[in-house]
Each structure stands twice: as structure tokens, then as C-alpha cells.
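Read through the structure below, which is laid out as C-alpha cells, and then see the notes.
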Amino acid sequence: MAALGPRQPVAGQPAPGTPYGRIAILGGSIAGLATALALARSGRPVEVIERDPPPAHPAADPFLAWPRRGVPQFRLPHGFSARARNLLAERAPDVLDRLRANGVGEINLFKHFIPPELWQPTDDAFTNIWARRPVLELALRMTAEAEPGIVFHCPAVATGLRFAPTPDGPPRVTGIELADGRFVEADLVLDCAGQRTPVPRWLAARGIDVPTDVQDCETVYYSRYYRFRPGCELPRMSVATLRGEFPLGSWIGFAGDDDTYAFALECHPGTPGVRELRHVARWEAAARAIPALAPWIDPGAGTPLDDVQVMAGNRNLRRHYLRDGRPAVVGLLPVGDALCSTNPAYGWGSAMALTYAFAAADAVVAHAPDLLALARAYDATSAAEADAVYREAAAMDRARSYRLTGRPVPEHDRAEMDRQDLIMAAMAGGVLHDVELGRAFNRRVNLVGPAAVVLGGDDLLDQARRAQAEATGPAANSPGATGPAANGSAANGPTANGAATNGPAGNGGRDEIAVEVGAEPAVAAGRDSARAG
Ligand SMILES: Cc1cc2nc3c(=O)[nH]c(=O)nc-3n(C[C@H](O)[C@H](O)[C@H](O)COP(=O)(O)OP(=O)(O)OC[C@H]3O[C@@H](n4cnc5c(N)ncnc54)[C@H](O)[C@@H]3O)c2cc1C
């Protein structure tokens with residue numbers, strides 16, 4: 001295969017490959033684009049290999065006009081957690097500016113729901129972006145396309161890696177082969193090709209094993225987007241707070257940009273009849289039968305943007321490229337969903353993709369061209385984050401699975417399930433009424449803070465025990481408190497598994513929130529000052 005032709009030197013930037021080493025990024029979606037931006041802006045030119053070109057007409061609605069075969073979840077609803085917004089604000093503020101210029105809103109529902117006299121400056125960290133995924137991705141893509149240090153090979157499909165042996169260590173990746181016969185030489189390849197990245201398969205073919213933890217989410221999503229009709233009087237803010245259960249599973253509302261909103265029906269794939277939900281008529285019939293949802297899908301309220309979007313085969317997945325400090329391969333870093341992905345219902349994927357992207361870029365800046373030090377430094381900053389979100393998402397999924405299937409909790413999982421019950425009880429019982437508990441809950445669902453602390457630590461549980469103690473006296477304050485509330489159905493309701501990131505989050509499964517908001521549209525409108533800029 002031929003090497004790529006001479007690279008174009010970029011004005012004001014070192015040519016690719018000198019003096020930092022050549023860097024190739026496989027995949028130009030959320031992780032790949034953020035990594036590319038961060039590296040290019042720190043003076044490391046990169047080459048991005050991406051199969052899907054940008055939309056032919058960037059001014060058209062990308063939800064409708066951008067064919068994106070490489071991202072199957074492209075048109076499914078996304079709620080972007082506050083961590084995603086905070087990372088963009090810190091590391092790529094012009095992407096946020098581009099979103100704002102396109103009319104995308106930033107909403108802080110926590111501040112919306114509590115009186116201003118209780119606000120603290122740190123509450124600004126709970127601000128979410130309300131955008132459809134294609135709109136957010138297009139902002140990243142257009143920003144990256146305009147960045148001088150980023151060269152796109154697109155459309156281009158990667159078909160393999162090349163390797164060089166190293167005398168005493170793991171094999172070293174030397175570049176990426178493309179379907180059209182070209183070869184992109186690289187000293188470092190960043191695998192940003194998503195959860196279904198072909199890279200582990202290519203490594204396996206070379207006898208390189210990447211240990212992988214996988215737990216099926218046991219969910220299938222059936223979703224549909226709508227746009228508000230002019231004059232629709234439904235309280236727009238409240239769509240992101242709508243969620244609940246229906247006979248086939250649970251359902252959740254999403255707020256989008258440009259007057260759009262969506263609902264996803266989240267079902268266990270084994271439930272009889274769920275496959276029928278892929279048909280518009282069946283989906284609408286199921287949605288219409290849910291009293292809180294029915295008004296939103298009424299033809300008078302909104303116009304559908306598309307047919308039903310389906311996503312099955314969702315998995316929690318964590319790949320381990322380092323064992324005992326030894327990388328399986330050097331010159332290759334997994335970033336984004338290629339490293340770790342979690343049940344989409346929790347709304348953490350994009351924030352974590354950005355987390356890994358900026359961690360990888362920082363490690364490159366600090367350690368390239370020392371590939372071993374680079375692999376270790378990246379692992380040191382990303383592993384604890386990935387382990388925490390994987391562990392928590394998998395545990396929440398098991399809690400839901402035990403509840404839905406009626407399988408008894410095995411002894412080895414008992415302590416974790418008791419912990420999950422306690423978290424659910426805390427959420428169901430108090431996040432709306434206790435501001436500190438609400439803050440702890442928002443840190444959790446929005447990943448505001450180190451993941452190991454906000455998910456695995458005692459942040460929320462400590463607040464829950466304090467709130468319980470205040471409400472019911474010292475007896476309720478024992479670590480093993482598992483009273484009726486902790487074990488009742490509310491404790492394991494959709495709150496446990498709902499994508500709470502785009503709602504006030506403390507109210508999963510509690511439709512009365514929607515009623516509260518719905519009763520106060522003037523308050524919703526009057527709280528615009530609560531939006532962080
Ligand atoms: C149903 C569903 C709903 C979700 N909802 C949410 C949500 O509400 N909130 C949230 O934060 N996250 C959500 N996520 C997760 C989120 O979509 C992912 O975490 C995010 O897209 C990961 O970004 P990434 O760049 O790592 O990978 P991806 O977005 O998967 O991108 C991979 C890229 O690699 C390219 N590629 C792959 N192979 C090749 C190849 N051989 N050659 C060239 N290019 C290639 C693809 O074209 C694509 O551009 C959801 C996921 C699913 C499945």
C-alpha cells in the first residue's frame with residue numbers, strides 16, 4: 001500500500017510529524033473532534049480519519065440533513081450532562097459560543113427549582129446544554145474543520161493498523177490502513193471509533209489481547225422527536241422533567257434546541273410486544289396511553305420530525321489497555337466510547353467522551369514522544385473515571401434487571417444492591433425538599449466532580465443519611481438503614497435508571513414535578529436569569 005502523499009505544511013504550525021511525532025485520530029465524532037481540537041491548539045497537528053463527511057449544507061438542520069451512518073445513535077435523544085458543558089466551557093469555549101449563536105439554550109434546572117436566596121456560586125456547575133445530538137456534534141465538527149492544525153481524511157474508512165516490533169516491549173502501532181489503499185503513518189493513533197471500534201479486533205488478529213468488561217444494559221430504546229407547534233401552550237421547560245413507567249418499561253422526555261423535544265420508551269428486550277414499538281402507529285398508541293405523555297404527542301402540540309428511532313444492543317463496556325502498568329500495545333490510546341461506554345439512559349457518554357479526549361490530549365502534550373510514559377499518564381487520569389462510571393452504570397442496570405425480571409439478588413451482589421436501594425430511596429425521598437441532598441444528587445447525575453467521588457463515594461449517601469436523620473430521628477441514621485422506603489418500589493423505580501441529566505434530576509419517575517412546572521409557566525419564563533452564561 002502506498003503512503004499518503006506529502007502532507008501540507010500549515011501556516012504557523014509545525015508540519016505534521018515534526019517535532020512532536022505524527023498523530024492520527026481514528027473517528028471524528030465527539031471524542032475524536034475534541035481530542036483533535038485540544039491537540040491542534042497546543043501545537044500538535046493531527047490527522048482525523050472519518051468515514052462520514054460533514055453535511056453538504058451546514059446551514060440546514062443537521063438532524064434531518066446530515067447522513068451519519070458511522071453513529072447509529074445519531075438521531076436518538078441525548079441529554080448532555082453538566083460535565084459536558086463545563087468541559088466545553090473550559091477547553092473549547094468557542095464550541096459553546098457556536099451553539100449559542102445557533103440558538104441552543106443552557107438551562108440550570110437546579111437553580112430553576114430552588115429560590116434564588118438559596119443559590120450558591122457553585123450551583124452554576126449544574127447547567128446543561130439543551131441540544132439535539134446532531135446539533136452539538138456539528139458545532140464540534142465545524143470548529144474542527146476551521147482549525148488550521150487539523151487535517152481531515154474524509155470520507156475515509158480505516159481497515160487496519162500496522163505495527164513495528166519493539167525489542168523488549170509491546171508492539172508499536174505505526175499507522176492506519178485505509179480502504180482506498182492509502183496508509184496514514186503515525187507515531188500515535190488515538191482510537192476514537194466508538195464502542196464498536198474495529199481496533200480491538202485488529203489487535204486480536206495480531207495476538208494482542210485487550211481484556212474487556214461487558215455487561216448488557218438489557219434495554220432497547222424507541223424514540224421520536226417533535227417540534228412544538230406555534231402557539232402550543234404546554235410548559236416547555238417541563239419536558240425534560242417528564243418520566244415514568246408504562247406497561248412495557250419506562251419513558252423519558254428530552255428537551256432539544258430549536259423548539260424540539262423527544263420521548264424515548266426504554267424497554268427490556270425480552271418483554272413481549274416491545275418490538276412492535278418500532279412502528280409509528282404502535283409507538284404513538286403506547287405513548288398516547290400514558291396520561292402524562294399524551295398531550296405532548298398530540299398533533300396540536302408538536303409535529304413529528306422523523307419516524308421511530310430504535311437502538312438495541314446497548315452495553316456497558318470497559319476496555320483495559322494497561323495491565324500492571326504494562327500497555328498491551330504502544331502508540332495507541334483508546335478515547336471515548338472506545339475506552340468505556342455506559343447505559344445511554346444515564347446520559348454520561350458524551351461528558352465522558354470529552355473527559356477522556358482532554359485527558360488524552362494533556363497526556364500527549366506532557367509526555368510525547370515517550371509512548372510508554374504517555375500510555376501510563378493517560379491511564380493514570382482516565383482509569384479511575386472510567387472504572388467509576390462503568391461500575392455504577394452496571395450496578396444500576398443490575399438493580400433494574402433484578403426488579404424487572406424478579407430474579408433474586410445473589411449473595412455476592414447483595415451489598416451493592418442495598419447501596420443502590422439506599423441511593424434510590426434518597427432520591428425518591430428528598431432531593432426536591434432538601435437542598436443539600438438535591439445538590440449531591442445533581443453532582444451525581446451531572447458528574448460534577450471526580451466520578452469516583454460523586455458516584456462511588458458517600459457524597460449522596462451522606463446527605464441522604466443526614467436528611468433521613470433530620471426527618472425521622474437518629475434511628476434512621478444508621479448506615480444499614482433499609483426501611484420500607486429504601487426497599488419499596490419507588491427505590492428501584494425509573495429514578496434508578498432514568499437519564500436524569502436533563503431534568504432537575506431529583507425527580508425521576510415523579511410526574512408531579514411536571515405538574516408543578518406546568519402549573520407555573522410564568523415562573524419558568526421568569527427564571528431565565530437563572531441560566532448560567
Ligand atoms: C441510544 C443512545 C443514546 C445515547 N444517549 C446519550 C445521552 O443522552 N447523553 C450522552 O451524553 N450520551 C448518550 N449516548 C452516548 C453517546 O452517544 C456516546 O457516548 C458518544 O457518541 C461517544 O462518542 P465517541 O466519539 O466516543 O464515539 P461515536 O460517537 O460512536 O463516534 C465514532 C466515530 O468513529 C467513526 N468510525 C468508526 N469506525 C470507523 C472506521 N473504520 N473508519 C472511519 N471512521 C470510523 C464513526 O463514523 C464515528 O464518527 C447515547 C448512546 C446511545 C447508543
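Both counts, for ligands and for their atoms, begin at 1 and track the order of listing.
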Self-check item: Per-residue contact class, V71 against ligand 1 - non-hydrogen pairs under 4.0 Å
Solution: side chain
Practice problem: Specify side chain, backbone, both or neither for A156, according to which of its non-hydrogen atoms lie closer than 4.0 Å to ligand 1. | Solution: backbone
Exercise. Please indicate whether any nitrogen or oxygen in A31 is less than 3.5 Å from any nitrogen or oxygen in ligand 1.
Key: yes
Exercise. Would you check the N or O atoms of D337, main chain and side chain alike, for any that come under 3.5 Å of an N or O of ligand 1?
Key: yes
Quiz item: If you measure from each non-hydrogen atom of R133 to ligand 1, which part falls under 4.0 Å: side chain, backbone, both or neither?
Solution: side chain
Quiz item: Among D213, T212, D209, which one satisfies side-chain hydrogen bond (donor to acceptor under 3.5 Å, both in side chains) with H320?
Solution: D213
Quiz prompt | ligand 1 atoms in contact with G336 (distance to a heavy atom under 4.0 Å) | solution = 26 (O)
Self-check item: R315, E50, R51: member with heavy atom nearest to atom 35 (C) of ligand 1
Solution: E50
Practice problem: For ligand 1, note which part of R69 has a heavy atom under 4.0 Å away: side chain, backbone, both or neither. | Solution: neither
Quiz item: Which bit of T159 gets closer than 4.0 Å to ligand 1, counting heavy atoms only: side chain, backbone, both or neither?
Solution: neither
Quiz item: Can you tell me if CZ on R91 sees more than 12 non-hydrogen neighbours from other groups inside 6.0 Å?
Solution: yes
Quiz item: Is the closest side-chain heavy-atom distance between Y321 and L203 below 4.5 Å?
Solution: yes
Quiz item: Do R162 and E185 sit within salt-bridge range, that is, some charged N less than 4.0 Å from a carboxylate O?
Solution: no
Self-check item: Nitrogen or oxygen atoms of F254 and ligand 1 under 3.5 Å apart
Solution: no
Self-check item: Shortest non-hydrogen contact from D337 toward G349
Solution: OD1-O, 4.5 Å
Self-check item: Within-shell test, L26 vs ligand 1, heavy atom, strictly < 4.0 Å
Solution: yes
Practice problem: Check ring-ring contact (aromatic ring centres under 6.0 Å, His included) between Y226 and all other residues, then give those that pass, not counting sequence neighbours. | Solution: Y261
Quiz item: Taking 4.0 angstrom as the limit, do E245 and R400 come out as a salt bridge?
Solution: no
Quiz item: Below 4.5 Å, heavy atoms only, C-beta onward: do L339 and R318 meet side chain to side chain?
Solution: yes
Practice problem: Before accepting this row, confirm whether a basic side-chain N of the pair R69/D52 lies closer than 4.0 Å to the acidic partner's carboxylate O. | Solution: no
Quiz prompt | Those atoms of ligand 1 less than 4.0 Å from some heavy atom in A193 | solution = 32 (C), 34 (O), 37 (C), 38 (N)
Exercise. List every atom of ligand 1 that sits less than 4.0 Å from any heavy atom of P77, numbering the atoms from 1 in the order shown and giving each element.
Key: 5 (N), 8 (O)
Quiz item: What do we get for M311 next to ligand 1 when only non-hydrogen atoms under 4.0 Å count, side chain, backbone, both or neither?
Solution: side chain
Quiz item: Hey, does S341 sit under 4.0 Å from ligand 1 if you only count heavy atoms?
Solution: no
Quiz item: For ligand 1, which atoms, with element, lie under 4.0 Å from some heavy atom of G70?
Solution: 46 (C), 47 (O), 48 (C)
Practice problem: Please determine, by modelled atom types, if D124 and N108 share a side-chain donor-acceptor pair under 3.5 angstrom. | Solution: no
Quiz item: Any idea which part of T197 is under 4.0 Å from ligand 1, heavy-atom wise: side chain, backbone, both or neither?
Solution: neither
Quiz item: Which atoms from ligand 1 have a heavy atom of G79 less than 4.0 Å away?
Solution: 7 (C), 8 (O), 9 (N), 10 (C), 11 (O)
Quiz item: What about Q195: any of its N or O atoms under 3.5 Å from an N or O on ligand 1?
Solution: no
Quiz item: For ligand 1, which atoms have a heavy atom of I30 less than 4.0 angstrom away?
Solution: 23 (O), 25 (O)
Practice problem: Report the member of E266, R75, Q73 with the shortest heavy-atom distance to atom 53 (C) of ligand 1. | Solution: Q73
Exercise. Mind checking whether S81 contacts ligand 1 via backbone (N, CA, C, O), side chain (CB onward), both or neither, at a 4.0 Å heavy-atom cut-off?
Key: neither
Practice problem: Could you tell me whether D187 and R22 have a side-chain N and a carboxylate O separated by less than 4.0 Å? | Solution: no
Quiz item: Quick one: do E137 and R141 make a salt bridge, cutoff under 4.0 Å?
Solution: no
Quiz item: With sequence neighbours left out, what residues match F246 under ring-ring contact (aromatic ring centres under 6.0 Å, His included)?
Solution: none
Quiz item: Would you say T381 and D362 make side-chain contact, with heavy atoms under 4.5 Å?
Solution: no
Self-check item: N314: numbered ligand 1 atoms lying under 4.0 Å from its heavy atoms
Solution: 53 (C)
Practice problem: Heavy-atom contacts with G194 under 4.0 Å: which atoms of ligand 1 show up? List them by number with element. | Solution: 27 (O), 30 (O), 32 (C)
Quiz prompt | Structural part of H78 in contact with ligand 1, heavy atom criterion under 4.0 angstrom | solution = both
Practice problem: For W66 and F74, run ring pair (Phe, Tyr, Trp, His ring centres under 6.0 Å): C-alpha distance rounded to whole Å, both residues' side-chain angles, the deciding distance at 0.1 Å, then the answer. | Solution: CA-CA 10 Å; W66 192 1; F74 194 61; 5.3 Å; yes
